[in-house]
Visitor: 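Please see the structure below; I have some questions.
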Amino acid sequence: MQREQDFQTAAASHMVKNRDAIRQLAQSGEARRLVSLLQQNGSVESAAQAAAKGRPQELMSMLQNLLATQEGAQLVQNIERQAKQSGLE
């Protein structure tokens with residue numbers, strides 16, 4: 001019983017840590033710039049809604065276009081690096 005409680009406590013602590021790391025990452029300058037670039041290139045909300053309904057093509061197209069630019073690719077690499085440093089993988 002104690003072992004299960006310890007596991008649950010550790011899992012809850014890990015989730016809080018991840019939530020905080022994700023929040024910090026989402027508020028970074030790189031993440032804000034990435035969102036700005038996505039918004040310039042189309043309607044992110046409609047693309048995300050279509051993807052949620054099983055039609056990811058529009059969202060994938062937006063992301064592919066973004067990653068084809070030097071700035072977009074660099075931003076994504078920076079965010080990935082920050083995520084790994086925060087313990088998110």
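The chain is numbered in sequence order, starting from 1.
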Visitor: Please indicate whether Gln70 has more than 12 foreign heavy atoms, meaning atoms of other residues, nucleotides or ligands, lying under 6.0 Å from its CD.
Guide: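 No, because the 6.0 Å sphere around CD of Gln70 holds 12 heavy atoms or fewer from other groups.
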Visitor: Of the non-hydrogen atoms in Glu58 and Ser46, which two are nearest, and what is the gap between them?
Guide: OE2-OG, 3.5 Å
Visitor: Starting from Ile79, can I reach Leu67 by hopping between I/L/V/M/F/W/Y residues whose side chains sit under 4.5 Å apart?
Guide: yes
Visitor: Taking all heavy atoms of Ala51 and all of Leu59, pick out the closest pair and write down the distance.
Guide: CB-CD2, 3.9 Å
Visitor: Begin from the C-alpha positions of Asp20 and Gln24 and carry the test side chain to side chain donor-acceptor pair (under 3.5 Å) through to its verdict.
Guide: CA-CA 6 Å; Asp20 291 342; Gln24 186 174 20; over 6 Å; no
Visitor: What is the minimum heavy-atom distance between Leu75 and Arg33, and which atoms define it?
Guide: CD1-CG, 3.6 Å
Visitor: Do you know which two heavy atoms are closest between Pro56 and Gly54, and how far apart they sit?
Guide: CD-O, 3.3 Å
Visitor: Please step through side chain to side chain contact (heavy atoms under 4.5 Å, CB included) for the pair Leu66 and Leu38, ending with a clear verdict.
Guide: CA-CA 7 Å; Leu66 178 71; Leu38 284 169; 3.9 Å; yes
Visitor: Looking at CD1 of Ile22 and CD of Gln27, how far apart are the two atoms once the value is rounded to the nearest 0.5 Å?
Guide: 12.0 Å
Visitor: With rounding to the nearest 0.5 angstrom, report the CD to CD distance, Gln57 to Gln64.
Guide: 10.5 Å
Visitor: Between Arg23 and Arg19, is any pair of side-chain heavy atoms under 4.5 Å apart?
Guide: yes
Visitor: Looking at Glu45, I'd like to know if its CD atom is crowded, meaning that more than 12 non-hydrogen atoms belonging to other residues, nucleotides or ligands lie closer than 6.0 Å.
Guide: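 Counting other residues, nucleotides and ligands, CD of Glu45 stays at 12 neighbours or fewer.
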